[in-house]
Amino acid sequence: MTDSTEPATPTPAASAAPSPTGRRNATPVAAAAAVRVRFCPSPTGVPHVGLARTALFNWAFARHHHGSLVFRIEDTDIARDSEESYQMLVDVLGWLGLSWDEGPDIGGPHAPYRQSQRMDIYADVAARLHRAGHAYECFCTPEELDQRREAARTAGQPSGYDGHCRNLTHADRDRARAQGREPVLRFRMPGHTITFTDLVRGELSFAPEHVPDYVLVRANAHPLYTLVNPVDDALMGITHVLRGEDLLSSTPRQIALHAALADIGVGVGAPIAFGHLPYVMGEGNRKLSKRDPESNLLLYRERGFLPEGLLNYLALLGWSIAEDRDIFDMSEMVEAFDIARVNPNPARFDLRKCEAINAAHLRQLDPGDFANRLVPHLQAARLLADPVPAEDAALLAAAAPLVQQRMVTLGEAVGMLGFLFRAETDFRVESEAIESLGTEDGRVLDAAEATLEELGDFSAAGVQAALRAALVDSLGLKPKLAFGPVRIAVTGRRVSPPLFESIELLGRERTLARIRALRAALG
RNA sequence: GCCCUCAUCGUCUAGCGGCCCAGGACACCGCCCUUUCAAGGCGGCAGCGCGGGUUCGAAUCCCGUUGGGGGCACCA
């Protein structure tokens, strides 16, 4: 049996060499051994940003070390898991571009990758652990457990399982069964302190009295996470486990179980290194919960966040690429990622910064790429047909560069470009924009109409020269007051793409019609 | 109650004993540019929780304390 007090590093020798950029000089990542990490969500509810961050760090770690990422579905909780949730997971990970090497959809040498399809494996391993003495039947009822836990707590003692059924005789078990008790299978923890080197936190130590024996299999024979997660990690040859810090205190139990699994010949028996990533917090001092709207990954896609923008922001939650830089792409992250440089303290999710990072990526997009990414959002708002008609595609190609610098998410294109793609019968001036107008603005519209009617050169430059002459020079208006009413008439909003380019794209007829319509509405 | 863990501007972070009377980013506030809104440029505000050590020297190491978070399930 492997001695669990040894640090859980694949090759202790590897930690002797300081990592070039590592904050701790122990970066227990063996260069020679192939890195295998996994991402193993349970498909409950809507995909969460914390989950994406964990997936991202695992992905970056695997890619940095030229290792493998295993995607595994932990669907052993029949009551909460759903197929719909599983689909959303696959879908949103695909959108983010976090690719995996083995998984339920693509298979791999350790298939199946859905735990609900591996129940026979767990039953077999459980039986072997039992036979080898690493686990025992526990007949305590939940009520008895509660009672003793409460008593221990009031006495100031550790309140975990007290080992009541650890050494039952045959006769004891027969008696319990005769009473109608159904046993759970409980893991027998070794009696020594468990110490390991966490990849992000350094050396951690747990005394035996605080890591009590725990349940592996329910009385109804249903295997628990406590069993299936380590069993699959062992069987699938996982070398590094990067997960949320909520799992930190269950790590000694898993290390002990891994040792027992090695003892009975399950898996290759290589120790696994653990790294616990800090929480992603929401408002206040709470962990970001499913209730917080900003936790819902699907919403980011709907709003038109770029995968590269969201990922960039998520990477910043606990990690940084350099002292004076925070905009980077995923190839740069893969290149630079070092688990030892992950910051152990919890990070608060800041939607404003997430938006700012996204906007930076939006601006960096190639104009053609940017226009293409706008299409689904314009279609969802019914501004574009599917497929996109050629003339609309041309219009979009011309209009997109006008708004690329002034948007935060792709979804904003609906408001910014709606005036170009909406039929005249559907065009409306926003009420807030109308309210900002005064009666004297009618004069401005009259002058604009007269000028544009006469104008031969309807290019942006031509329109600008003509309107400036008519409104600013002749009427003596400040540019802001001169062009404001025209902007509202033409685009329907107070905020729009640059006015003269917008007019050029809209064309003479539609421009004049809209100016007349607003003029009439003003009375 | 017991155990574990975390601690630098409002927020995310850089910092690994002298390059730091602490650097960057978001947010915020000015100014410039300007047809709106952005973008961009320039400038500003703002932080090492507290107390002891160690050291010639501490944001950095140690101890304590305070505060936050997590765990102590037949959930994952």
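Every chain is numbered from 1, with letters handed out A, B, ... down the list of sequences. Since the model is a prediction, treat every value here as computed from it, not as a measurement.
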K.L.:
In the strands shown, is B/C2 matched to any nucleotide by a Watson-Crick or G-U wobble pair with both distances under 3.5 Å, and which?
P.N.:
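Per the H-bond distance test, B/G71.
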K.L.:
Within the 4.0 Å limit for protein heavy atoms, which parts of nucleotides 18-28 of chain B are touched? Write it as a string from 5' to 3', B for base, S for sugar-phosphate only, - for none.
P.N.:
-----BSBSSS
K.L.:
Classify the nucleic acid contact of A/Val184 as base, sugar-phosphate or nothing, counting any heavy atom under 4.0 Å across all strands shown.
P.N.:
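Contact class for A/Val184: base.
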K.L.:
Could you tell me if the ring centre of A/Tyr313 sits under 6.0 Å from that of A/Phe305?
P.N.:
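Not under 6.0 Å, so no.
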K.L.:
In residues 465-476 of chain A, which ones come under 4.0 Å of RNA chain B, going by heavy atoms?
P.N.:
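When residues 465-476 of chain A is checked for heavy atoms under 4.0 Å from RNA chain B, the hits, listed by number, are A/Arg468.
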K.L.:
When you get a sec, tell me which of B/U36, B/C72, B/C75 is the closest nucleotide to the side chain of A/Ser159?
P.N.:
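Minimum distance to the A/Ser159 side chain belongs to B/C72.
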K.L.:
If you assign each of A/Tyr161 and A/Phe206 to its closest nucleotide in RNA chain B, which residue comes earlier from the 5' end?
P.N.:
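On the 5' side of the pair lies A/Phe206.
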K.L.:
Does some side-chain heavy atom of A/Arg177 sit less than 4.5 Å from a side-chain heavy atom of A/Glu182?
P.N.:
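No, their side chains stay 4.5 Å or more apart.
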K.L.:
Could you tell me which nucleotide pairs with B/A46 by Watson-Crick or G-U wobble geometry, both distances under 3.5 Å, or answer none if nothing does?
P.N.:
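Base-paired to nothing in any strand shown.
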K.L.:
For residues A/His377 and A/Thr409, is any side-chain donor paired with an opposing acceptor at under 3.5 Å?
P.N.:
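Distance-only check fails for A/His377 and A/Thr409.
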K.L.:
From the set B/C6, B/C12, B/C4, return the single nucleotide nearest to any side-chain atom of A/Leu316.
P.N.:
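Of B/C6, B/C12, B/C4, B/C12 is nearest to the side chain of A/Leu316.
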K.L.:
Side chain of A/Arg363: nearest nucleotide among B/C74, B/U35, B/A39?
P.N.:
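In terms of side-chain proximity for A/Arg363, the closest of B/C74, B/U35, B/A39 is B/A39.
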K.L.:
Can you tell me, in whole Å, how much space there is between the C1' of B/C29 and that of B/G15?
P.N.:
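Straight-line distance between the two C1' atoms is 28 Å.
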K.L.:
Among B/G69, B/C37, B/C74, which nucleotide sits nearest the side chain of A/Val495?
P.N.:
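The nucleotide sitting nearest to the side chain is B/C37.
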K.L.:
For B/U34 and B/G67, measure between their C1' atoms and round to the nearest Å.
P.N.:
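One C1' to the other, the span is 49 Å.
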K.L.:
Is it the case that the side chain of A/Tyr279 and the backbone of A/Arg348 share a donor-acceptor pair, with hydrogens and angles ignored and the cut-off at 3.5 Å?
P.N.:
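Between the backbone of A/Arg348 and the side chain of A/Tyr279 there is no qualifying donor-acceptor contact (under 3.5 Å).
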K.L.:
Parallel, tilted or perpendicular for A/Phe500 and A/Phe483, by the 30°/60° rule?
P.N.:
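Geometry flag for A/Phe483 against A/Phe500: perpendicular rings.
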K.L.:
By nearest atom, which of the nucleotides B/G40, B/U35, B/U5 is closest to the A/Glu501 side chain?
P.N.:
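Closest nucleotide among those given: B/U35.
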K.L.:
Base of B/C4, side chain of A/Ser249 - is there a donor-acceptor contact under 3.5 Å?
P.N.:
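Donor-acceptor pair under 3.5 Å: no.
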K.L.:
Rounding to an integer number of angstrom, what distance separates B/C72 and B/U54 when you compare their C1' atoms?
P.N.:
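That atom pair is separated by 37 Å.
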K.L.:
If the C1' atom of B/C12 is compared with that of B/C28, how far apart are they to the nearest Å?
P.N.:
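To the nearest whole Å, 16 Å.
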K.L.:
Is any N or O donor-acceptor pair between the side chain of A/Arg487 and the base of B/U35 shorter than 3.5 Å?
P.N.:
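Present.
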K.L.:
Write down the distance separating the P atoms in B/C21 and B/C48, rounded off to the nearest Å.
P.N.:
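Between the two P atoms, the distance is 14 Å.
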K.L.:
Can you check whether A/Val241 reaches A/Asp233 side chain to side chain, under 4.5 Å on heavy atoms?
P.N.:
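In contact.
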K.L.:
Which whole number of Å gives the distance between the C1' atom of B/U8 and that of B/G23?
P.N.:
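Per the computed distance, 12 Å lies between those C1' atoms.
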K.L.:
To the side chain of A/Leu204, which of B/U5, B/A76, B/U36 is closest?
P.N.:
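Taking heavy atoms from C-beta onward, the closest nucleotide is B/U5.
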K.L.:
Just to verify, what does A/Leu365 make a side-chain contact (heavy atoms from CB on, under 4.5 Å) with, not counting sequence neighbours?
P.N.:
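Result, side-chain contact (heavy atoms from CB on, under 4.5 Å) vs A/Leu365: A/Leu306, A/Glu308, A/Leu362, A/Asp369, A/Phe370, A/Arg373, A/Gln404.
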K.L.:
Has the side chain of A/Asn312 got a donor or acceptor atom that lies under 3.5 Å from a matching backbone atom of A/Phe328?
P.N.:
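Checking the backbone N and O of A/Phe328 against the side chain of A/Asn312, a donor-acceptor pair under 3.5 Å is found.
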K.L.:
B/A39 and B/A76: how far apart are their P atoms, nearest whole angstrom?
P.N.:
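Looking at atom P only, B/A39 and B/A76 are 47 Å apart.
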K.L.:
Measuring only the C1' atom in each nucleotide, how far is B/G47 from B/C33? A whole number of Å is fine.
P.N.:
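Result for the C1' pair: 33 Å, nearest Å.
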K.L.:
Cation-pi check, A/Arg114 to A/Tyr86: give yes when NZ or CZ is under 6.0 Å from the six-membered ring centre and within 45° of the ring axis, no otherwise.
P.N.:
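So A/Arg114 does make the cation-pi contact.
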K.L.:
Any side-chain N or O of A/Thr76 under 4.0 Å from OP1/OP2 of B/A76?
P.N.:
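The answer is yes; a side-chain N or O of A/Thr76 sits under 4.0 Å from OP1 or OP2.
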K.L.:
As a test of reading the structure: which of B/C2, B/C74, B/U35 is closest to the side chain of A/Pro158, going by heavy atoms?
P.N.:
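When the side chain of A/Pro158 is considered, B/C2 is the closest of B/C2, B/C74, B/U35.
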K.L.:
Closer than 4.0 Å, any side-chain N/O of A/Arg348 to the OP1 or OP2 of B/G68?
P.N.:
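For B/G68, OP1/OP2 do not have a side-chain N/O of A/Arg348 under 4.0 Å.
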K.L.:
Would a distance-only check, ignoring hydrogens and angles, find a side-chain to backbone donor-acceptor pair under 3.5 Å from A/Asn229 to A/Thr226?
P.N.:
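Checked: no pair found.
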